Each structure stands twice: as C-alpha cells, then as structure tokens.
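To start, the structure under review is shown below, and the notes come after it.
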Amino acid sequence: MTDRPAKPQGLGAGPITSQLGAQTPNYLEGLNPEQRNAIESVDGPLLVLAGAGTGKTRVLTTRIAHILATRRARAGEILSVTFTNKAAREMKERIGKFVGGAIEGMPWLGTFHSIGARILRRHAELVGLKSDFTILDTDDQIRLLKQLLQAENVDEKRWPARQLAHVIDGWKNKGLQPSQLSAADAGVFADGKAVKIYQQYQARLKVLNAADFGDLLLEGIRLFKDNPTVLAEFHRRFKYILVDEYQDTNVAQYLWLRLLAQPNEHRETANVCVVGDDDQSIYGWRGAEVDNILRFEKDFPGAKVIRLERNYRSTSKILKAASHLIAHNEDRLGKTLQTDVGEEGEPIAVTSVWDSEEEARNIGEDIEQLQRQGHKLNSMAILVRASFQMREFEDRFITLGLNYRVIGGPRFYERKEIRDALAYLRIVTQPADDLAFERIVNVPKRGLGNATISMLHDAARAANIPLVQATRELVETDELKPKQRSTLRGLLSQFDEWAMRLQTLPHSEVAEAILDESGYTQMWQNDKSADAPGRLENLKELIRSMEEFETLGGFLEHISLVMDRDSGDADDAVSIMTLHAAKGLEFDTVFLPGWEEGLFPHQRALDESGKAGLEEERRLAYVGITRARKRAKLSLAQNRRIHGLWQSAIPSRFLDELPADVVEVKDTGSSYGGINYGGRDQATKFDRRDPFESVYETPGWQRAQRQHQSRGKDRGPTIEGELVARSVNPASSSRYKVGDKVLHLKFGEGTVAAVDGNKLSIDFPSVGRKKVLESFVQKP
DNA sequence: CACGTCGCTGTTTTT
DNA sequence: CAGCGACGTG
C-alpha cells in the first residue's frame, strides 16, 4: 500500500549517469555494510536473509538501480518476481524514483503469475492454447469441475467440487501434471477418480482455450522443458533474476525459476538473487515450501549468503516481544534482530474484553484517543486473523464516523454484477469460453432453462466443441423448441454484432452498448432491491476503469491477475486487513484483535497440519507484531460468536509466549481468572500440555481419517500421456448415410434423407422432415 | 420455465 | 448466519 509514510530513503533523485564517477554513487549512501554488500554482489547466486524491517525492499530496488546504473543490463533484461501485486507495484514506484521515470518501467517486474502468463502467451500454441487464452478464477474452476464430477457420476455431496479444486491446486503447486501422478497419489478423492478428472479438466481447459492460476506456472514449466529453444530465448534475455519473498515460493514456482536461472550457454553461474525470511513464511497452506529457502545453497552451488539483522522499524520492546515469540518455533534458520531505532518504546498492551463487540468498541476508543493526540489514521491498522472479524470493526467505525479502509476485503471483481459483465465481454472476445457463456446465457432471463441448456451441453460434449459453436449448429436444426431456438439465434447474432463493433469502436463504448443491448443494465434497473443502485454504480465504475486500458484483452488480463483495486489512499483512514495481507507493510500503531485459541492459532491450521500448522500460525503472529513501529495492541475476547452462536474462548497460547517484562496486561474488568504471563521457563510452559490433544475430535481430523481409509481402495484408471488440444472436428464424416433408419429420443423412429456434416435431415412419420444433430440420434 | 420456500452445511489465509 | 441445492408451485 502506498500509505506507508515516507521512509528515510536517502536516495538522490538525480540522473544515475551522473553518479557513475569515481566516488560512491549517492544511491548507495546511508546503507549499512550488509545491505551494501547485498546490492553490490551482483554476479553469481545470492541469498539475502532479511528479517522483518531490515530494509529488504530497499535492497532489492537499489540492487536493480545498481545493475542499471552500472549498465550491466537494461531494464528489459532483468527478471524480477514478487509474490503480490502490491509488492510489484511498490517496487516499480521505488525504482521509478531512482531512474526518474526516464525508462518505460520494468517490463519483467511482476508477480509469478503475471509474468508466467506473459511468457505463456508468447508461446501458447506450444502448450495447446491460443495466445488470447482466458485466465479462469477459482469460481470458474469450480463450476467446470462440478460438470466433470457430474459427468463421472460422482456424488457431489460427498466429494464437493471445491475440495477437488483444492486437490488439483495442490498438485499444480507441486508442479505435477496429470501424467506425472502415480497410482499412490490418486486414491484419495472420489474413489480414485481424482487423477482421471484432473486429466479431463486439463483437456477441457484446452478446448475452452483457458488456463487456471496454477497453469500459468505449470504450463510454463512444460513449455520450457519441452522446448529448449524457447528456454534459451529467455536465458538470453534475462541477465539478472531477482526474487522477493522467496520463503513463500512453492515447488512449481521453484521449478519454473530454476529452469530460467540455471547456468546456460549465456552464463556460467546463475545470476539469481533471492530475498526472504523463513520466519515470515505464512503461505504453507498454499503449497509454499520453506525448504526452498533452506535449500538454496545446495541448489545454487557457490551461493553467497548475506544476513540483514538490523531492524529499522520497531522499538526494542516490540522487537523483543516478537523475537521471543518466534523463538518457540523449532524449524527455523534463526536470526537475531537488533533494533536500530534506539527507543525502548511502549510496552505491548494486551487487553482482555468480554466479547468481540467490546473489542471493537475499545479499539475504536483507542483510535479516537490517538487521533486526538495528533496521530494520523493512516498510521494505524487493525490486523485480523480471519476476514469475518472485520465486520464488527466496520460496524463500529460506521457508527463512530471513523474513516476506515478495508484492504483485500470483498473484492470489486468478485461481485456478481461485475463477473456477469465480464462474462459478456469474455464471450464476445473469446467464443470458446463456455463458462462465460453459461453464466450469461440466461442472464437476464431469456426463457432458456435447464432443459435447453443441457441440450446445448450434450451437443457440445458429443462433438467436443465449445458451447457457442454447438449452439450455432443446433439453431440450424429442429432439435430446439421454436421459441428457444429463435432466442438463441438472436443472442448469437448479437455476439457477432458486438465482436464486429469491437474491431472499430473503443472498447469501453462497446462494453457499455453490450450491457445495454443485452438487457443486463435494464435487469438491474428493474430490480427494486436495496443493492441494485449500488450494482449499477459498480457497472459504471467498471466501464470507467476500462478506459485506462488500451485493449480489451489488456483489461481482462488485468482483472484476472490483479484482482485488487487501488484503494484510494488519499484520505486519512484506518486500515483493516488480514494478517496475510499485512505482510510487507508497517504502521506506527497496530491493533491485533482476536488472540484466542481456535481463532489464533486457527483450529484448522492445527487440525490439518499439526505442529507445522502451529508454527506457521506463530509466524503469522510474528508478522503481525513486527508490523508495528511504535505500538502493538493485542486483545482477546472471552466470548465470540461463531456462525450464529456464542462460544467462550480461552486466551491464545501465543500470549503465554510473550516475554512478561515488555507486556502490560489490561483487563476491562470482566475477566475470568485472568491471563497468565509467566514468560520465564518457556520450555516447560510450552510443553505443559500436548497442543494436539483435542485433535481426534475435530472435523479436520475425521476428514483426514476418512481420506486415509479410502486411500488404496479401488481407483479409476490412470490415463497416461500428455495433454494436447483436441482439434475441433472439421467436417468429420457422418456415421450415417441416406436411407439409414435411426431413432431420435423426441421424434421417434425415422429415415435419413440427407447428410450435411454432423447434421442430418430425417423424415419422421409422426412429425415430418426435421434437421437434427447426429449426436442426438442412435441406430435403432 | 421461473420463482419461492425449505433445510442443510460449512465456515482461514490468496495469486 | 450465511449461501446453496432440492423441491414444489404458479
């Protein structure tokens, strides 16, 4: 976020070329020796272990500036990957300051996914896609899987599509194609059909000319492996590679990176610099492997390791609390952060309140008091474990009239009306996008119900062609009822009409026309519910934001990959966000509510990942505390409403793990027995009870048990072989010829009168001559 | 075919 | 307390 108050940057804004003299260029001034070392060690593999607040981003950006200033490479020859769009944006901004915006930015600075997509688009045909492929989001992904599960007759109650999506994501995160999965990997889901469906899913994506998030990397890996010349092209291009937040990379990202970074004909050593902090690895649930960072020196022989341990952010009390807490983790490289702030600061406040409502009230009061003392709302943040906690704060702040900003909350592009509108745009630009078609074919209502849609589906599946194409064929026949047939025909001609206009007219204008002419706008105008006006407003906003993009494709790419909106940071407002979203940010005052067992550490993390899960939760806590420059205020509610009913909670074990001498306990009076901060003999306290004793009753455990039991039972066949787009059958000869007797489900028995590709004209005794699709008849 | 109602279930974190 | 799917009615 851009609301971080300016850090002392000490970076001259002057042109870099003028700094190329004999002395130290001034962008290197004010750096400590380790930082400087990290920046100037340009050649060969380098691992920078950067603790919280040690100037990691500064090192990365200065390093890039240094490479540019010394003319080792041009902007387009540096590959620089980050984990989030936020981080990418910030780096771009900061580099812009060095070079004064003289160059047109860094074309290869971005998230793994956006760069992955970029590479893939250049060579899409080599992995069975077209360069304008659609990027599917989770929602599309689940809908597609749902269809495949239905086709396989899998009980959806027992094996929900979202769970399968999770399993497949897991495979993709590990860099595994369906063909690489062995029998042992398969047995878990749906009696062993998971791998088979994964395989079908991939094939289906190719037909739809679509890729999901995982594919952006996975298909990239395949591309590089199967096409050495393509890989060589990128070897030639990328002279330097930098990776931010290396501790968060998963196996697929690691493989992708290693292919690009490996020594090659242009380079004897890998010029790769990775920056990370094992204590801030918080994406294990998404497949991140801390191992990647621990293993770096083995992967890249001769790697240099530099540790940044001087913290420029927090007071010594905050740092002490955080360090003490994280020391309870066993699996870590271990670092000793030293404060450079030179200020003891305020103690960590821990407040126990009666319920979450009181918690919101309290924090609201604290904020108002700080505000009265002259602190900016921009300098404060509330960091929650789970997003449902946000609502209570929002409610409270609305009644108080306190300005707030939710970061990463319910996202603009995930709203129904926005997704519908996007589906219209997708189907016009990309006719193979079945998911978009399904989404809008009967929105607004056009009288196309289940019966019609499933007929379209049947035809599409039988011929293995996209829905729109199947529809085109079907409307030429008599399969459909006249009303539906003419509706569909009208819709198709609208698609064509819109596509035509896109050739010549500005896309935002066409988009507006599409929404009007499809009746979509009208639909919401007729809607009398309270949120309809808001939705119309959002649609306008969507059209407005399109104007910033040169092409519709560019716009669609932006929204599928950069799902965050730039929240207006102009106003002074308190930020509310999850702990995950807070990584990389810093604030003077940080409120950390909800430190209760079950919520933080989250029960599910414990259930599903045991000790590793607990340690990851602890790292989250560490991330949370280290966001604070001056004040960290933790709180816990003794009662919290979890889906409707009140439950009493016990204080988080993490509170016990804070050092007593920097903690100040405040109790609002309604405590039951208080919290015990020993802070001494941590080892015994930590081991005093088995943290997982209750594990056997939890749903997560039981689920795991079930999965174990089903493992190894009968599994579906594993289909080997690579996925290739099946060519869309061009004029394949019919199985029928004139004079054949056939059976049609609706019209009964008849005689083939004419054959036209896969369309048949058939004489039925009952209804006369009808045109039907071949896939709708069978031999009697 | 559209719409309403009922009952069930599942609830973390995100590119 | 959601949000979704299943079901029955206009």
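Nothing here was measured: the structure is a model prediction, and the numbers come from that model. Chain letters run A, B, ... following the sequence lines, proteins first, then strands; residues in each count from 1.
A close approach under 4.0 Å does not occur between any side-chain nitrogen or oxygen of A:Lys481 and OP1 or OP2 of B:dC1. Look at A:Lys86 and you won't find any side-chain N or O under 4.0 angstrom from OP1 or OP2 of B:dT15. For B:dT14, the OP1/OP2 oxygens have a side-chain nitrogen or oxygen of A:Thr578 closer than 4.0 Å. When the side-chain nitrogen and oxygen atoms of A:Arg162 are compared with OP1 and OP2 of C:dC4, none of them lie within a distance under 4.0 Å. Phosphate contact (OP1/OP2 of B:dA2, side-chain N/O of A:Asn442, threshold under 4.0 Å): present.
Residue A:Leu480 contributes atom CG, which lies 10 Å from atom P of B:dC1 at whole-angstrom precision. A:Phe388 places its CZ atom 13 Å from the C1' atom of B:dG10, with the value rounded to the nearest Å. One interatomic measurement links the two molecules: CG of A:Leu579 to P of B:dT14, which rounds to 10 Å at whole-angstrom precision. Taking atom CG of residue A:Leu585 and atom P of nucleotide B:dT13, one finds them 17 Å apart after rounding to whole Å. Between the P atom of B:dT13 and the CG atom of A:Leu620 lies a distance of 11 Å, rounded to the nearest Å. A straight line from CE of A:Met390 to C1' of B:dT13 spans 10 Å, rounded to a whole angstrom. As a whole-Å value, the separation of A:Gln147 CD from C:dG5 P is 13 Å. Going from atom CD of A:Gln603 over to atom P of B:dT12 covers 13 Å, rounded to whole Å.
Take the nearest nucleotide of DNA chain B for A:Arg446 and for A:Phe83: the residue whose nucleotide is more 5' is A:Arg446. DNA chain B is contacted by both A:Leu448 and A:His602; A:Leu448 maps to the nucleotide lying nearer its 5′ end (nearest heavy atom per residue).
Put simply, A:Trp285 rests on the base of B:dT13: the two rings are less than 5.5 Å apart at their centres and nearly parallel, under 30°.
Side-chain contact, A:Gln147 with A:Glu152: no donor N or O sits under 3.5 Å from an acceptor N or O.
Residue-level contact check: A:Arg619 touches neither bases nor backbone, having no heavy atom under 4.0 Å from any strand. As judged by a 4.0 angstrom heavy-atom cut-off over every strand, A:Lys146 is placed among residues touching the sugar-phosphate backbone only. Within 4.0 Å (heavy atoms only), A:Tyr283 reaches sugar-phosphate atoms of the nucleic acid but no base atom. Among the atoms of the strands shown, none is found under 4.0 Å from any heavy atom of A:Ser114.
With ring centers used as reference points, A:Tyr404 lies 6.0 Å or more from A:Phe393. Aromatic pair A:Tyr283/A:His580: centroids less than 6.0 angstrom apart.
Ring-plane geometry between A:Tyr198 and A:Trp171 is classed as parallel, the angle between the planes falling under 30 degrees on a 0 to 90 degree scale with a further cut at 60.
When each of B:dT13, B:dT12, B:dC3 is scored by its nearest atom to the side-chain atoms of A:Lys445, the top-ranked nucleotide is B:dC3. Listed nucleotides: B:dT13, B:dC1, B:dT15. Nearest to the side chain of A:His113: B:dT15. Relative to the side chain of A:Phe213, the nucleotides B:dT13, B:dT12, B:dT15 differ in distance, and B:dT15 lies closest. Here the nucleotide nearest the side chain of A:Ser387, chosen from B:dC1, B:dT14, B:dT13, is B:dT13.
Residue A:Arg385 places a side-chain atom within donor-acceptor reach of the base of B:dT13, judged by atom type and a 3.5 Å distance cut-off alone.
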Open item on the list: Walk me through whether A:Arg439 and A:Asp420 qualify under salt bridge (charged side-chain N to carboxylate O under 4.0 Å, His left out).
Closed with: CA-CA 7 Å; A:Arg439 189 174 178 99; A:Asp420 287 344; 2.7 Å; yes
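With salt bridges taken as basic N to acidic carboxylate O contacts below 4.0 Å, one links A:Asp433 and A:Arg426.
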